[in-house]
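The structure appears right after this line, and notes come after that.
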Amino acid sequence: MATWSCVKQCGACCHLDPAERPGLEEYLLPEELALYLSMVGEGGWCINFDHTTRECRIYPHRPRFCRVEPEVFQDMYGVEPADLNDFAIDCCWEHIEALYGDCSLEMLRFEREIWRE
(Lines give C-alpha, C1' and ligand atoms only; values in the text may rest on other atoms or scores of the structure.)
Protein backbone atom coordinates (compact mmCIF):
# COMPACT_ATOMS: atom_id res chain seq x y z
CA MET A 1 0.00 0.00 0.00
CA ALA A 2 1.30 3.42 -0.91
CA THR A 3 1.69 6.01 1.84
CA TRP A 4 1.73 9.69 0.96
CA SER A 5 4.81 11.66 1.87
CA CYS A 6 6.01 15.05 0.76
CA VAL A 7 9.21 14.81 -1.24
CA LYS A 8 11.66 17.55 -0.35
CA GLN A 9 12.80 19.75 -3.19
CA CYS A 10 10.00 18.70 -5.52
CA GLY A 11 8.13 22.00 -5.57
CA ALA A 12 5.22 20.82 -7.72
CA CYS A 13 2.72 22.19 -5.22
CA CYS A 14 4.51 25.56 -5.40
CA HIS A 15 3.38 26.02 -8.98
CA LEU A 16 0.29 28.11 -8.22
CA ASP A 17 -0.87 29.10 -11.70
CA PRO A 18 -4.60 29.83 -11.19
CA ALA A 19 -5.34 28.71 -14.76
CA GLU A 20 -4.26 25.22 -13.71
CA ARG A 21 -6.29 25.27 -10.50
CA PRO A 22 -9.90 25.98 -11.44
CA GLY A 23 -12.45 26.66 -8.75
CA LEU A 24 -10.09 28.29 -6.25
CA GLU A 25 -12.94 30.48 -5.01
CA GLU A 26 -14.92 27.34 -4.16
CA TYR A 27 -12.53 26.12 -1.48
CA LEU A 28 -10.58 29.20 -0.41
CA LEU A 29 -12.03 31.85 1.85
CA PRO A 30 -12.02 35.32 0.21
CA GLU A 31 -8.98 36.45 2.23
CA GLU A 32 -7.18 33.19 1.39
CA LEU A 33 -7.93 33.65 -2.31
CA ALA A 34 -6.48 37.16 -2.18
CA LEU A 35 -3.36 35.83 -0.42
CA TYR A 36 -3.06 32.93 -2.89
CA LEU A 37 -3.27 35.27 -5.90
CA SER A 38 -0.73 37.64 -4.32
CA MET A 39 1.69 34.71 -4.04
CA VAL A 40 1.60 33.87 -7.75
CA GLY A 41 4.78 35.08 -9.39
CA GLU A 42 6.61 34.67 -12.67
CA GLY A 43 5.59 31.63 -14.66
CA GLY A 44 2.91 30.75 -12.10
CA TRP A 45 5.45 29.87 -9.40
CA CYS A 46 4.94 30.92 -5.79
CA ILE A 47 7.00 33.98 -4.91
CA ASN A 48 8.15 32.11 -1.79
CA PHE A 49 9.59 29.18 -3.73
CA ASP A 50 13.37 29.35 -3.94
CA HIS A 51 14.26 27.96 -7.37
CA THR A 52 17.89 27.40 -6.37
CA THR A 53 17.28 25.29 -3.27
CA ARG A 54 13.83 24.17 -4.49
CA GLU A 55 12.38 24.84 -1.06
CA CYS A 56 9.77 27.14 0.44
CA ARG A 57 11.23 30.24 2.08
CA ILE A 58 8.28 30.50 4.50
CA TYR A 59 7.62 26.79 5.13
CA PRO A 60 7.08 27.01 8.93
CA HIS A 61 4.71 29.97 8.35
CA ARG A 62 3.07 28.86 5.09
CA PRO A 63 -0.65 29.53 4.68
CA ARG A 64 -3.32 27.00 5.54
CA PHE A 65 -3.93 26.15 1.87
CA CYS A 66 -0.29 25.00 1.58
CA ARG A 67 -0.62 22.44 4.38
CA VAL A 68 -1.42 18.77 3.82
CA GLU A 69 -3.15 18.09 7.11
CA PRO A 70 -6.32 16.09 7.76
CA GLU A 71 -8.33 18.97 9.22
CA VAL A 72 -7.33 21.35 6.41
CA PHE A 73 -8.27 18.91 3.65
CA GLN A 74 -11.53 18.04 5.35
CA ASP A 75 -12.47 21.70 5.71
CA MET A 76 -11.32 22.85 2.28
CA TYR A 77 -12.15 19.86 0.06
CA GLY A 78 -14.48 17.70 2.15
CA VAL A 79 -11.90 14.90 2.22
CA GLU A 80 -12.40 12.65 5.22
CA PRO A 81 -9.18 12.02 7.21
CA ALA A 82 -9.32 8.33 6.32
CA ASP A 83 -9.24 9.26 2.62
CA LEU A 84 -6.46 11.84 2.83
CA ASN A 85 -3.64 9.44 1.96
CA ASP A 86 -5.15 8.37 -1.37
CA PHE A 87 -6.36 11.88 -2.18
CA ALA A 88 -2.92 13.42 -1.53
CA ILE A 89 -1.17 10.72 -3.60
CA ASP A 90 -3.54 11.34 -6.52
CA CYS A 91 -3.09 15.12 -6.30
CA CYS A 92 0.69 14.90 -6.20
CA TRP A 93 0.85 12.33 -8.97
CA GLU A 94 -1.34 14.48 -11.22
CA HIS A 95 0.49 17.71 -10.47
CA ILE A 96 4.02 16.25 -10.75
CA GLU A 97 3.14 14.55 -14.03
CA ALA A 98 1.60 17.72 -15.50
CA LEU A 99 4.49 19.93 -14.41
CA TYR A 100 7.55 17.72 -14.81
CA GLY A 101 6.42 14.63 -16.75
CA ASP A 102 5.71 11.02 -15.87
CA CYS A 103 9.37 9.94 -16.24
CA SER A 104 10.88 12.94 -14.48
CA LEU A 105 13.28 12.77 -11.56
CA GLU A 106 10.56 14.35 -9.40
CA MET A 107 8.09 11.60 -10.32
CA LEU A 108 10.65 8.86 -9.73
CA ARG A 109 11.51 10.32 -6.32
CA PHE A 110 7.82 10.63 -5.43
CA GLU A 111 7.05 7.04 -6.44
CA ARG A 112 10.05 5.74 -4.52
CA GLU A 113 8.96 7.67 -1.41
CA ILE A 114 5.30 6.58 -1.40
CA TRP A 115 6.14 2.91 -1.94
CA ARG A 116 8.79 2.86 0.79
CA GLU A 117 7.89 0.38 3.52
Side-chain angles (χ1 to χ4, degrees):
M1 177 179 205
T3 304
W4 180 83
S5 181
C6 183
V7 177
K8 283 185 67 75
Q9 299 173 312
C10 168
C13 60
C14 299
H15 194 257
L16 303 178
D17 188 347
E20 296 174 9
R21 298 188 181 208
L24 287 170
E25 63 283 345
E26 294 174 21
Y27 55 87
L28 293 179
L29 299 171
E31 59 273 8
E32 290 176 320
L33 179 59
L35 176 60
Y36 182 99
L37 295 174
S38 75
M39 291 169 59
V40 179
E42 188 176 330
W45 287 95
C46 179
I47 59 173
N48 298 300
F49 181 65
D50 185 320
H51 290 272
T52 303
T53 64
R54 296 184 67 166
E55 293 181 341
C56 176
R57 291 184 192 105
I58 62 164
Y59 190 82
H61 308 289
R62 68 197 184 280
R64 179 179 84 115
F65 54 78
C66 292
R67 297 174 182 270
V68 180
E69 298 170 352
E71 58 279 351
V72 172
F73 273 61
Q74 186 170 27
D75 182 46
M76 288 177 61
Y77 309 112
V79 175
E80 293 298 323
D83 299 326
L84 178 59
N85 183 69
D86 292 341
F87 185 85
I89 287 172
D90 289 344
C91 286
C92 287
W93 221 312
E94 186 177 300
H95 208 60
I96 292 168
E97 182 177 33
L99 193 57
Y100 300 121
D102 62 345
C103 294
S104 64
L105 177 59
E106 291 82 4
M107 182 64 82
L108 295 172
R109 290 177 57 227
F110 177 67
E111 289 176 345
R112 184 176 33 209
E113 185 64 33
I114 65 170
W115 291 108
R116 193 179 281 188
E117 300 242 351

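Residues: numbered from 1 along the sequence shown.
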Quiz item: Should the pair Phe87 and Tyr77 be assigned to parallel (<30°), tilted (30 to 60°) or perpendicular (>60°) ring geometry?
Solution: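 If you compare the ring of Phe87 with that of Tyr77, the planes turn out tilted.
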To the nearest 0.5 Å, what is the distance between [atom1] on [X] and [atom2] on [Y]?
X: Trp93; Y: Asp102; atom1: CH2; atom2: CG; answer: 11.0 Å
X: Leu35; Y: Arg64; atom1: CG; atom2: CZ; answer: 11.5 Å
X: His51; Y: Cys46; atom1: NE2; atom2: SG; answer: 8.5 Å
X: Glu113; Y: Ile89; atom1: CD; atom2: CD1; answer: 11.0 Å
X: Asp75; Y: Leu29; atom1: CG; atom2: CG; answer: 7.5 Å
X: Asn85; Y: Ser5; atom1: CG; atom2: OG; answer: 10.0 Å

Within the distance-only criterion (no hydrogens, no angle test), does the side chain of [X] pair as donor or acceptor with the backbone N or O of [Y] below 3.5 angstrom?
X: Arg57; Y: Ile47; result: yes
X: Tyr36; Y: Pro18; result: no
X: Gln9; Y: Thr53; result: yes

Where do [X] and [Y] come nearest, in terms of heavy atoms and distance?
X: Ala12; Y: Leu99; result: CA-CD2, 3.7 Å
X: Met39; Y: Pro63; result: SD-CG, 3.8 Å
X: Phe49; Y: Gly11; result: CE1-CA, 3.7 Å
X: Val72; Y: Arg67; result: CG1-O, 3.7 Å
X: Asn48; Y: Ile58; result: ND2-CD1, 3.5 Å
X: Tyr27; Y: Met76; result: CB-O, 3.1 Å

Practice problem: Return yes when atom CD of Glu42 has more than 12 non-hydrogen atoms of other residues, nucleotides or ligands closer than 6.0 Å, and no otherwise. | Solution: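 No.
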Quiz item: In the single-linkage hydrophobic clustering (I, L, V, M, F, W, Y; side-chain heavy atoms under 4.5 Å), do Ile96 and Trp115 co-cluster?
Solution: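 Cluster IDs for Ile96 and Trp115 match.
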Quiz item: Is it the case that one hydrophobic cluster holds both Leu105 and Phe110, taking links as side-chain heavy atoms less than 4.5 Å apart, direct or via other members?
Solution: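 No, Leu105 does not connect to Phe110 through the hydrophobic network.
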Quiz item: side chain to side chain donor-acceptor pair (under 3.5 Å) with His95: which of Arg21, Glu20, His15?
Solution: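 Single pass found, and it is Arg21.
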Exercise. Take Arg109 and Glu106 through the salt bridge (charged side-chain N to carboxylate O under 4.0 Å, His left out) test and state the conclusion after the steps.
Key: CA-CA 5 Å; Arg109 290 177 57 227; Glu106 291 82 4; 6.0 Å; no
